[in-house]
Structures are given as C-alpha cells and as structure tokens.
Amino acid sequence: MAIAKARVRDRIVRRQGILLAAGRVFILKGFRPATMEDIATAAEIGVGTLYHYFKSKEHLFASILAESTQILGERLRAAAAKQLPPGLGLVAIARSYVDYFAEYPEYFRIQMSFQYEPATKGGLEKEREKIEKLARQNLELLAEKIRDGQTTGVFRCDLSPMAAATALWASYNGILFTAMNPPLLAVTGLNVEQLLSAAAFLQFTGLGADPATGPIMPDMSPSESSQVSVTDLQEVMRSVPWIDPSAIFAGMRMAFQREKAAGVHEVYRFVILGERGGTWTVTIDDGTMDVVRGEGEVEPSVTIEISDKRFVEMVTGQVEGVELVMSGEMKISGSLQRAAMFRMFFVPEARSD
C-alpha cells in the first residue's frame with residue numbers, strides 16, 4: 001500500500017516537473033519552434049517518458065494552461081472566502097493574484113502570451129473548454145464581490161458586475177505584464193508598487209458609491225454597528241504592501257462602531273507625509289462619522305502627523321502608536337488622551353458567548 005502511494009506521489013511530482021520545464025521552454029523558444037525533444041531535455045527525461053505523460057505538444061500545452069488556471073483559482077477562492085467587506089475583498093483577491101505571479105512567473109507568461117494562439121488548439125476542444133470554464137469561474141469571483149457591494153450599497157449599481165470584474169482583471173494583468181518587462185516599466189518612471197497602489201485606489205473610487213472617499217457602508221440605525229472585524233481589515237491591509245492610505249480611511253468607515261461614539265464630538269485631522277500622503281479629516285459626532293479628504297471646515301481637536309509608511313504599519317498593527325510618539329515619528333497636536341481615544345471607535349465589544 002505504502003509503495004503504491006509513493007509511486008503515485010512520484011508520478012505527480014514528475015508530471016509537475018515536466019509542466020514547469022515545458023513552461024520555460026515555451027517562454028524561451030515560443031510554442032511553434034519548441035519541440036518535445038527540447039522539453040524532454042529541459043525536464044531531464046527521455047522523449048519516450050515524456051510521451052508516456054503527454055501524447056503531444058498541444059496536449060502538454062493545454063495541461064499547463066489547465067494546471068495554472070486551477071492553481072490560480074484555488075488561490076483566488078481562498079482569498080474570496082475571507083470575511084471582508086466587498087472593497088477589501090477585491091483587494092485580497094488581487095493580492096492573491098500578485099502572489100501567484102511571483103510564485104509561478106512561467107505560468108503567467110504563458111497565459112499572457114500564448115493562451116489564445118490558434119496553433120495551440122491542436123484538436124483539444126474538450127481541454128480548452130475546461131480551461132475556459134475555469135477562467136470564467138475565476139472572473140466570477142470578482143464579479144460576485146462586486147454584486148455583494150452593489151447589494152449592500154457599497155458599490156454603484158450602474159455597472160455590469162462581469163464587465164467591471166473583467167476591467168479590473170485586465171488592469172492587474174497589464175500591471176503584472178509591465179512588471180515582466182523592465183524597459184516598459186522604465187518608460188512609466190514608476191515602480192510596480194506604485195502601479196498597484198494606483199489600481200487599488202481607482203478600484204475604490206470607481207466602484208464606490210461615494211467617489212470622494214471610496215466605498216462606504218450603507219446607513220445604519222443608531223443601534224446597529226459594523227460587523228466588519230478590525231482584525232480582518234488589518235490582515236488584508238498588512239498583506240498588501242502597496243495599500244494606499246485612501247483605502248485605509250475607507251476601511252475606517254466600514255469598521256466604525258457607532259455605539260462607541262455616542263455622545264462624542266471630536267474632529268481628528270491626519271496629515272500623512274510621503275508620496276502616498278495627503279490630509280484627511282475624520283469627524284465624530286454623537287455616534288456618526290464623516291471622512292473627507294482635506295482639512296475640512298471645522299478646526300480639529302487633534303492633529304496627527306505621520307509618514308505614509310508608518311501610518312500603514314500602525315493601522316495594520318505592525319507597530320504601536322505609543323512607540324511612534326516616543327520616537328518622534330508621530331507628532332500629535334492637541335490632547336493626547338483624545339488622540340488615544342480614536343482607536344476605540346473601531347474595536348467592537350468582546351463577545352461573552
């Protein structure tokens with residue numbers, strides 16, 4: 001029994017090795033010029049062994065596409081399953097795609113370069129139908145998040161969810177394709193992190209029901225509170241190093257706990273320094289919260305000045321605010337007690353079940 005399992009495992013490992021080797025050959029030589037002999041050499045196996053696993057070059061290529069699309073789908077589904085509001089759910093899905101690109105660059109290159117080349121069909125209609133079905137399922141994950149946002153009032157409703165999902169998918173494909181081509185990236189004068197940050201911000205403002213600040217939760221009665229976990233928000237933002245402070249302020253509106261702010265009247269001004277910086281004003285007024293970009297019309301009771309990098313690290317729980325104050329990396333004008341009170345508006349009461 002153990003021997004049989006070991007043989008199956010060895011076969012799976014060898015097959016995976018062949019697929020990865022074939023991917024490198026297709027990228028280096030192109031689909032048409034590449035031969036089964038080239039692939040066997042790259043995989044360090046005999047040609048006969050290669051044909052034992054794959055009956056033709058077209059079959060091998062279709063297997064690469066199916067394997068890569070399935071791996072990507074598993075990553076995307078895991079990200080989509082996170083209990084996050086729709087906007088940050090989309091960011092989590094995008095992050096999983098970036099991670100897939102970093103781990104399987106050959107697969108990504110093949111998907112971008114050869115997937116729809118007529119010469120790769122080779123009479124494998126059933127295989128290609130399977131690949132196209134998997135690809136649509138991946139797109140549907142994005143579309144479903146957008147539908148969720150439209151249903152709850154977070155996203156605008158005048159867009160087709162599938163059209164919006166396809167546009168988002170295309171934008172991230174374009175960024176990752178640019179990342180593979182240093183000369184093209186050099187033309188932009190930007191780095192990949194800046195492009196991803198811009199894409200995330202455009203995603204929020206373009207889909208959001210409130211284009212000034214990004215997605216917001218629909219109005220709730222004073223007795224209702226957000227069901228979004230601060231821990232979940234921190235997790236997705238921490239895992240995305242290119243997250244923009246604009247998205248964080250949008251996230252504040254999602255996690256706001258109305259009952260914590262009952263009877264409170266405060267105005268907080270955040271001055272974020274750096275390339276991703278800007279000024280945001282958060283007004284807490286008796287159980288309500290308003291976020292605007294800019295200084296606002298009312299003088300703040302507390303002003304917080306901090307770099308964009310440190311701000312993201314503090315909000316995502318990577319560094320404590322007290323440490324930043326002690327080191328001089330965060331400057332607070334106004335009452336320190338009122339500044340410290342700000343975080344409590346986003347932390348739900350611990351459950352006693």
Side-chain angles (χ1 to χ4, degrees), residues 23 27 64-66 68-80 86-118 120 128-150 154-208 211 214-215 236 240 242-244 246-247:
I27 291 300
I64 291 177
L65 289 179
S68 59
T69 306
Q70 185 166 343
I71 291 174
L72 176 58
E74 291 170 356
R75 302 290 181 87
L76 298 182
R77 283 192 295 275
L88 290 179
L90 289 176
V91 173
I93 292 173
R95 177 64 199 186
S96 67
Y97 192 21
V98 174
D99 289 343
Y100 164 81
F101 164 77
E103 190 171 348
Y104 298 98
E106 293 91 354
Y107 283 174
F108 179 84
R109 285 177 179 269
I110 285 177
Q111 288 172 316
M112 291 297 98
S113 303
F114 305 119
Q115 183 166 356
Y116 300 104
E117 181 178 322
T120 63
R128 294 193 69 84
E129 286 177 7
K130 176 184 176 182
I131 295 164
E132 290 171 4
K133 181 179 179 181
L134 289 171
R136 183 170 180 85
Q137 288 174 351
N138 292 345
L139 269 178
E140 187 60 38
L141 291 171
L142 284 172
E144 189 59 34
K145 287 292 180 186
I146 294 170
R147 288 191 194 95
D148 289 345
Q150 290 174 332
V154 176
F155 293 156
R156 53 191 295 176
C157 295
D158 58 344
L159 291 172
S160 158
M162 182 54 75
T166 304
L168 288 177
W169 191 261
S171 70
Y172 284 109
N173 278 341
I175 291 172
L176 296 178
F177 183 80
T178 301
M180 295 190 308
N181 297 273
L184 180 57
L185 187 60
V187 169
T188 69
L190 302 170
N191 58 40
V192 175
E193 287 73 20
Q194 289 172 306
L195 293 176
L196 290 169
S197 177
F201 180 73
L202 290 172
Q203 168 185 306
F204 277 134
T205 56
L207 289 172
V236 69
V240 184
W242 34 268
I243 197 71
D244 191 281
S246 299

Taking all non-hydrogen atoms of both residues, which atom of [X] and which atom of [Y] are closest, and how far apart?
| X | Y | answer |
| --- | --- | --- |
| Cys157 | Gln150 | SG-O, 3.6 Å |
| Ser96 | Leu76 | OG-CD2, 3.1 Å |
| Thr69 | Leu134 | CG2-CB, 3.5 Å |
| Ala165 | Ala143 | CB-N, 3.6 Å |
| Ile110 | Gly23 | CD1-CA, 3.4 Å |

Between Glu140 and Lys133, does the salt bridge (Lys or Arg N to Asp or Glu O under 4.0 Å) criterion hold? Intermediate values first, please. CA-CA 10 Å; Glu140 187 60 38; Lys133 181 179 179 181; over 6 Å; no
Hey, mind stepping through Ile93 and Leu168 against side chain to side chain contact (heavy atoms under 4.5 Å, CB included) and telling me if it holds? CA-CA 11 Å; Ile93 292 173; Leu168 288 177; over 6 Å; no
Can a donor-acceptor pair be found, under 3.5 Å and without considering hydrogens, that links the side chain of Ser68 to the backbone of Leu65?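 Confirmed, Ser68 side chain pairs with Leu65 backbone.
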Whether Lys145 side chain and Ala80 backbone form a donor-acceptor pair below 3.5 Å: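 Checking the backbone N and O of Ala80 against the side chain of Lys145, a donor-acceptor pair under 3.5 Å is found.
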Name the residue from Leu72, Asn173, Ile27 that meets the side-chain contact (heavy atoms from CB on, under 4.5 Å) definition with Phe108.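 Of the listed residues Leu72, Asn173, Ile27, the side-chain contact (heavy atoms from CB on, under 4.5 Å) partner of Phe108 is Asn173.
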Roughly how far, to the nearest 0.5 Å, is the [atom2] atom of [Y] from the [atom1] atom of [X]?
| X | Y | atom1 | atom2 | result |
| --- | --- | --- | --- | --- |
| Leu90 | Leu141 | CG | CG | 10.5 Å |
| Ile71 | Tyr104 | CD1 | OH | 4.0 Å |
| Arg147 | Met162 | CZ | CE | 6.0 Å |
| Ile131 | Glu129 | CD1 | CD | 10.5 Å |

Yes or no on side chain to side chain contact (heavy atoms under 4.5 Å, CB included) for Asp148 and Glu144, after CA distance, side-chain angles and deciding distance? CA-CA 6 Å; Asp148 289 345; Glu144 189 59 34; 3.6 Å; yes
Check the pair Glu74, Gln70 against side chain to side chain contact (heavy atoms under 4.5 Å, CB included), reporting the backbone distance first and the verdict last. CA-CA 6 Å; Glu74 291 170 356; Gln70 185 166 343; 3.9 Å; yes
Under 30°, 30 to 60°, or over 60°: which ring-plane class applies to Tyr100 and Tyr97, parallel, tilted or perpendicular?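 Rings of Tyr100 and Tyr97: parallel, as their planes differ by under 30°.
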